[in-house]
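Just below is one structure, and these are the notes that go with it.
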Amino acid sequence: MAQIIDGKVLAAEVRETVASEVQKIKAQGGTVRFAAVLVGEDPASQIYVRNKQRACEKVGIEFELHTLPATCQYEDLTTLIRRLSADVKINGVLLQLPVPESVVGNRLTEILNLIDPQKDVDGLTIANLGKLADGVNGLVPCTAQGVLYAIQSVCPDLTGKNVVMIGRSRIVGRPTSLLLTNHDATVTICHSRTRDLAQYTRNADIVVVAAGCPGLVTAKMVKKGAIIIDVGINRLPDGKLVGDVDFVNVEKVASAITPVPGGIGPLTIAFLLKNIVVAYCRQRVC
Ligand code: NDP
C-alpha cells in the first residue's frame with residue numbers, strides 16, 4: 001500500500017514558516033497586505049476566496065477583498081487591477097479565476113499582465129512565467145510549488161526522475177512542468193491530444209495529473225512504486241469530491257500518493273501565503 005502524502009500536515013509546516021516570517025515583519029513595524037479581486041457571484045470562487053481570507057488571517061496577513069459584479073465593464077476591472085498594483089500598501093494582488101467571459105472575453109491574459117509582476121502572487125503574469133521558463137527567481141505559481149513540496153516530502157532529489165505531467169494549462173500543467181524541469185527531472189507533458197497516455201505514464205517514476213477528469217489515471221497505467229500526485233478537483237453528481245486518479249486501485253501499486261481532498265489543495269493555499277511574504281520581502285528588500 002502506498003504512503004499517503006498528507007497535504008494538510010505539509011501545508012501546516014509551510015504556514016508555520018510563513019507565520020513566523022510575518023511575526024518578524026510585524027515586530028519591525030511592517031504590515032503584509034494582500035488584495036483579492038472577485039468578479040461575479042460564482043459560489044465556488046466565493047468559497048475559494050473565503051478560504052484564502054481565513055488562511056491569511058491565521059498567519060497575520062492583512063486581507064482585502066475587492067468585488068465587482070458580473071455585469072461590470074472590462075475597463076472597471078482594468079482600472080481596479082491597475083489601482084491595486086500601484087498601491088504601495090498592497091504587497092500581493094490576485095485575480096480570482098475564472099472571470100466571467102462577459103467581462104474579459106478572450107482578454108484574460110491582458111488583464112493578468114496588468115498585475116505588477118512583483119505583486120503577482122499567483123505567478124501567472126508573462127513576466128513570472130517567463131522567469132520560471134528561464135529558471136530564474138520570480139514568483140512561482142502556488143500549485144506548482146505545492147506539487148514540488150509534496151514530491152520532495154517522499155523523494156527529496158528529483159535528479160533524472162522521469163516525470164509525466166498530465167495537463168498543460170497556464171495555471172497548473174505548464175508551470176509545474178517547468179518547475180520540475182528546473183529541479184533536474186526529465187518531464188514529459190501530456191494533454192488531451194496525447195495518443196496512448198498509458199504508454200507514457202507506465203514509464204514514469206512520478207505522475208502528476210491536473211486534467212479535471214475523474215478516474216483518468218488507473219492502476220494499469222502506473223509503474224509499481226511510482227509517486228502519484230493528484231491535482232484534480234472534481235465534484236461528482238452525488239456531491240463527493242474526487243481527483244483525477246482512481247485512488248483505491250492506484251494506491252495498491254504506487255509507493256506514495258496524494259489524496260483528494262487533503263492533498264495538493266491545502267498546499268496551494270499555503271504557497272499563496274508564502275508568495276505574499278516573498279513579494280513583501282522583495283518589495284522592501286528585507
Ligand atoms: P484546464 O481545464 O485548464 O486544463 C486541463 C488540462 O488537462 C488541459 O491541458 C487538457 O488538455 C488536459 N486534459 C484534459 N482531459 C485530458 C485527458 N483525458 N487526457 C489527457 N489530458 C487531458 O484545468 P486546470 O489546469 O485549471 O485544472 C486541472 C484540474 O486541477 C481541475 O480539476 C482543477 O479543479 C484542479 N485544480 C486544483 C488545484 C489545487 O489546488 N488542487 C488548483 C488548480 C486547479 P488540452 O490542453 O489538450 O485541453
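Just so it is clear, the structure is predicted and the values come from calculations on it, not from any experiment. The chain is numbered in sequence order, starting from 1. Each ligand, and each atom within it, is numbered from 1 in the order the structure gives.
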(Q) Could you tell me, atom by atom, which parts of ligand 1 come under 4.0 Å of a heavy atom of I166? (A) 20 (C), 21 (N)
**Q.** Heavy-atom nearest neighbour in the protein, as seen from atom 14 (C) of ligand 1, with distance rounded to 0.1 Å
**A.** A211 O, 3.8 Å
Q. Tell me, which protein residue and heavy-atom name are nearest atom 15 (N) of ligand 1, and how many Å apart are they?
A. C213 SG, 3.4 Å
Q: Run down the list H191, R168, R174 and name the one with the heavy atom closest to atom 46 (O) of ligand 1.
A: R168
Q | From the candidates A44, G212, G146, the one that places a heavy atom nearest atom 29 (C) of ligand 1 | A | G212
Q. Got the closest protein heavy atom to atom 32 (O) of ligand 1, with its distance?
A. I233 N, 3.0 Å
Q) For atom 44 (C) of ligand 1, which protein heavy atom lies nearest, and how many Å away is it? A) V172 CG2, 3.8 Å
Q | Joint cluster assignment, V37 & L139, ILVMFWY side-chain distance < 4.5 Å | A | no
Q: Please write down residue, atom name and distance for the protein heavy atom closest to atom 1 (P) of ligand 1.
A: S169 CB, 4.1 Å
Q: Identify, for atom 42 (C) of ligand 1, the protein heavy atom at the shortest distance, and state residue, atom and that distance.
A: T143 OG1, 3.5 Å
**Q.** Within 45° cone of Y74 ring axis and under 6.0 Å: R107 NZ or CZ
**A.** yes
Q | Close-contact set for ligand 1 against G265 heavy atoms, below 4.0 Å | A | 40 (O), 41 (N)
Q: Run the contact test for L216 against ligand 1 with a 4.0 Å cut-off on heavy atoms, strictly below, and give the result.
A: yes
Q: Do me a favour and list the nearest non-hydrogen protein atom to atom 37 (C) of ligand 1 with residue, atom name and distance?
A: V231 O, 3.1 Å
Q | Options S192, A144, G232, ranked by nearest heavy atom to atom 48 (O) of ligand 1, top entry | A | S192
Q: Give the numbers and elements of all ligand 1 atoms closer than 4.0 Å to a heavy atom of T268.
A: 39 (C), 40 (O)
(Q) Within the 4.0 Å heavy-atom shell around N234, which atoms of ligand 1 are there? (A) 32 (O)
**Q.** Any pair counted as salt bridge (charged side-chain N to carboxylate O under 4.0 Å, His left out), so long as it reaches residues 210-238, sequence neighbours left out
**A.** D205-K223
